[in-house]
Each structure stands twice: as structure tokens, then as C-alpha cells.
Amino acid sequence: MNKMKKLHVRSGDTVVVISGDEKGKKGKVLKAMPETGKVVVEGVAMVTKHQKSRGQGMPGGIVKREAAIYASKVMLVCPKCGKATRNAHKILDDGKKVRLCKKCGATFEN
């Protein structure tokens, strides 16, 4: 029985890697995969892929691309204060749920 896990980051969020070989690198989340608990971050965990040609418009060769890393290894970066932070949740008067920065209280737009 595979349960969907909830991630603390979404596609489009800016994150910083907090552990591993890529520690300290910042990037944008390109893809979030809650079913595996992983995220693909722009410019982080680059791997080489041997790609076969798929027709005239798609040349083959060795290409560099981002690999998925565990979401627990990344931390959200606040757009206002620029610090790595955990996110808090708040329900506004109109019933909308928003994410907040734990350090400065700014809301995350996404």
C-alpha cells in the first residue's frame, strides 16, 4: 500500500540544499514528486545521460541533466529575507490557506 507523502516544497519554490555533496547550492524546484518524496532542483545533482537519437529534431549524445534528490535534503528560501526557513501555515479571513516564513512572517507566493 503506497501512501502519498506530503512535501513541504512545491514546483517553482527556491530552495537551498542542506546536506550531502551539493550542500549550500540554491536553485528552483523544477519538479516535485510526492509519491517518491523527491524533488528535482535546477543545477543540483547533475548527472550525465547517454541519450539515443529520437528522429531528425532530436540529436543523440551525452547530455547533462538534473537528478532527483530527497525533499528532506532541501529547505525553503524566503523571498523577502533570503534565509533558509521552515514554513508555517495560516488561514486568512477569506478561508485561504497560505504559507509563511517562520523567521520574518512573509508569505510565499505560488
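Note that this is a predicted model, so its numbers are computed, not measured.
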Could you work out, with side-chain contact (heavy atoms from CB on, under 4.5 Å) as the rule, every residue matching Thr48, not counting sequence neighbours?
Ile62, Lys64

Answer yes or no: is there a donor N or O on one side and an acceptor on the other, between the side chain of Lys103 and the main chain of Cys78, under 3.5 Å?
no

Nearest heavy-atom contact between Cys101 and Cys104 is SG-N, 3.4 Å

Within this structure, what is the NZ-NZ distance for the pair Lys38 and Lys73, rounded to the nearest 0.5 Å?
10.5 Å

Interatomic distance, His8 atom NE2 to Asn87 atom CG [nearest 0.5 angstrom]
7.0 Å

Under a 3.5 Å distance rule, please check whether Ser53 uses its side chain to pair with a backbone N or O of Met58 as donor and acceptor.
yes

Can you get from Val29 to Val44 by hopping between Ile, Leu, Val, Met, Phe, Trp and Tyr side chains that sit under 4.5 Å apart?
yes

Of all heavy-atom pairs linking Leu7 and Ala32, the shortest is CD1-CB, 4.0 Å

Counterpart residues, side chain to side chain donor-acceptor pair (under 3.5 Å), relative to Glu22 (two or more places apart):
Lys25

For a side chain to side chain contact (heavy atoms under 4.5 Å, CB included) with Val39, tell me which candidate from Asp13, Val9, Val15, Leu30 qualifies.
Val9

Is there a donor-acceptor pair under 3.5 Å between the side chain of Glu66 and the backbone N or O of Gly43?
yes

Taking atom CG of Asp94 as the centre, does the number of heavy atoms from other residues, nucleotides or ligands within less than 6.0 Å exceed 12?
yes

Is the shortest side-chain heavy-atom distance between Arg65 and Val47 below 4.5 Å?
yes

Please step through side chain to side chain contact (heavy atoms under 4.5 Å, CB included) for the pair Val77 and Lys26, ending with a clear verdict.
CA-CA 9 Å; Val77 174; Lys26 281 187 182 179; 4.3 Å; yes

Closest approach of Ile69 and Ala45, non-hydrogen atoms and distance?
CG2-CB, 3.7 Å

With a 4.5 Å limit on heavy-atom distance, are the side chains of Met33 and Val40 in contact?
yes

Quick one: side-chain contact (heavy atoms from CB on, under 4.5 Å) partners of Lys102, sequence neighbours excluded?
Thr85, Arg86, Ala88

Value rounded to 0.5 Å, distance of CZ in Phe108 from CG in Leu76:
4.0 Å

